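By convention here, the first residue in the shown sequence is residue 1. Values in this document were obtained by computation on a predicted structure and should not be read as measured data.
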Amino acid sequence: MEFDIVVLTDHRYVSPQKKTLYIENVLLEDRLVVEALQAEGLKVVRKSWDNPHFDWSTTKLALFRTTWDYFDRFPEFSKWFENTSKLTQFINSKELIIWNIDKHYLQDLSKAGVAIPKTIIVEKGTQTTLQALFSTAVQDHGFRKEQFVLKPCVSGAARHTYKIHTTEVSKYEDLFGQLISEEAMMLQEFQENIVSEGEISMMLFHGEFTHAVLKIAKPGDFRVQDDFGGSVHEYDPSKEQIAFAKKVVNAAPELPVYARVDLFRDNEGNWALAELEIFEPELWFRRNPSAAQKLAKTIKDTCLSVKV
């Protein structure tokens, strides 16, 4: 083996000519991880997942970090993912990623007792209308708000995510028909507290909490991602919030090496899960560099059975 671990990114962030603040943050996040792994005595390299020249059998592990083009190239990524899984070991594991990459996983966590927003999943090719679905949401799933969110089951960076008022449903019917012909979609009751209070992101490595941030949407928006003007703040979570996050990761099919638990206060005032991110989440190491060191040690202790 030539490498102990390859840190995976996407080709836009390998040697970018133009460095925006966003790209600078991506590079910093990856650098902190690479340096932390090297400090553990590991042989590390950073590569784009779609690098056609790299021999993936030359690394013991491949760590997903900033592979943020996968959802725009999902068929291509899926083929690469399957082929590469036969050559090296992924972090998190292949099985866990397959489970988590599709938001159907929310149903599994709900059955395990994790509170999630009121949700309807609409499978690809379903013959229905948005109006019919919303009527079902109210009658059978307890939606009480006049707004709901439509988004894909496989997505990232708020791709095809729409907040829709019940009076505007007809305007989205054609778009919905096109989307549902191509991929599974989901409707969720709009969560007002995400706008008024924000969304908490909590990082856990092998089930242990390390740090958290609070993400707040810009005025007039509901998307907390900084891609859409959202802001990020230091956050000191309560024992209750930490316990909630630990419950979430322990409800996964296996304990993730790393995870980000996004939680919020739902419309009933209870803590609920927005998303469990265990594939390629932003982990905000630039706000807590020591957490990168904790991840590196966790990887060495839990994923590398042979001493390096």
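No hydrogens or angles considered: nothing links the side chains of D266 and W271 as a donor-acceptor pair under 3.5 Å. Side-chain polar atoms of D262 and S201 form a donor-acceptor pair below 3.5 angstrom. No side-chain N or O of Q131 forms a donor-acceptor pair with one of Y172 less than 3.5 Å apart. For the residue pair Q188 and T119, a side-chain donor N or O sits within less than 3.5 Å of a side-chain acceptor on the partner. Remark: the E254 side chain and the S93 side chain contain an N/O donor-acceptor pair separated by less than 3.5 Å. Judged by distance alone, the side chains of D102 and H104 do bring a donor and an acceptor atom under 3.5 Å apart. A donor atom on one side chain and an acceptor atom on the other are not found under 3.5 Å apart for D10 and S48.
Separation of atoms CZ (F148) and NZ (K118) is listed at 15.0 Å; rounding is to 0.5 Å. Distance check: I200 CD1 to R265 CZ gives 8.0 Å after rounding to the nearest 0.5 Å. To the nearest 0.5 angstrom, I121 atom CD1 is 10.5 Å from L187 atom CG. For the atom pair T84 OG1 and L87 CG, the distance stands at 6.0 Å (nearest 0.5 Å).
No more than 12 heavy-atom neighbours from other residues, nucleotides or ligands sit within 6.0 angstrom of CG on D174.
The aromatic rings of F54 and F3 sit tilted, their planes meeting at an angle between 30° and 60°. Ring geometry, F77 versus W80: the interplanar angle falls from 30° to 60°, so the pair is classed tilted.
Under the 3.5 Å distance criterion, the side-chain polar atoms of N92 are left unmatched by any main-chain donor or acceptor of P256. Proximity of a side-chain donor or acceptor of R260 to a complementary backbone N or O of E282 within less than 3.5 Å is detected.
The side chain to side chain contact (heavy atoms under 4.5 Å, CB included) test with F205 singles out one residue from V257, L283, T302, V249, and that residue is L283.
Under the rule for a side chain to side chain donor-acceptor pair (under 3.5 Å), the partners of E29 that lie at least two apart in sequence or sit in another chain are R286.
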Report, one line per pair, each donor and acceptor closer than 3.5 Å where one atom sits in a side chain of residues 107-115; sequence neighbours left out.
residue	atom	partner	partner atom	Å
D108	OD2	W99	NE1	2.8

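Close placement of the F279 and Y70 rings is indicated, their centers lying within 6.0 Å of each other. For F90 and F64, the ring centers sit closer than 6.0 Å to each other.
No side-chain heavy atom of P253 sits under 4.5 Å from any side-chain heavy atom of E95. In this structure, F244 and L273 have side chains that are in contact, with non-hydrogen atoms separated by less than 4.5 Å.
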For the pair K246 and L204, evaluate side chain to side chain contact (heavy atoms under 4.5 Å, CB included) and give the outcome as yes or no after the intermediate values. CA-CA 8 Å; K246 288 185 175 182; L204 295 93; 3.8 Å; yes
N267 and E192: side chain to side chain donor-acceptor pair (under 3.5 Å), yes or no, with the steps? CA-CA 7 Å; N267 292 330; E192 295 177 346; over 6 Å; no
Test side chain to side chain contact (heavy atoms under 4.5 Å, CB included) applied to V122 and M186, step by step: CA-CA 6 Å; V122 193; M186 57 197 296; over 6 Å; no
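Stacking of R65 on the aromatic ring of Y258 is recorded, both the 6.0 Å distance cut-off and the 45° axial limit being met. Figure legend: K151 and Y162 shown without cation-pi pairing, the cationic atom not lying both under 6.0 angstrom from the six-membered ring centre and within 45 degrees of its axis.
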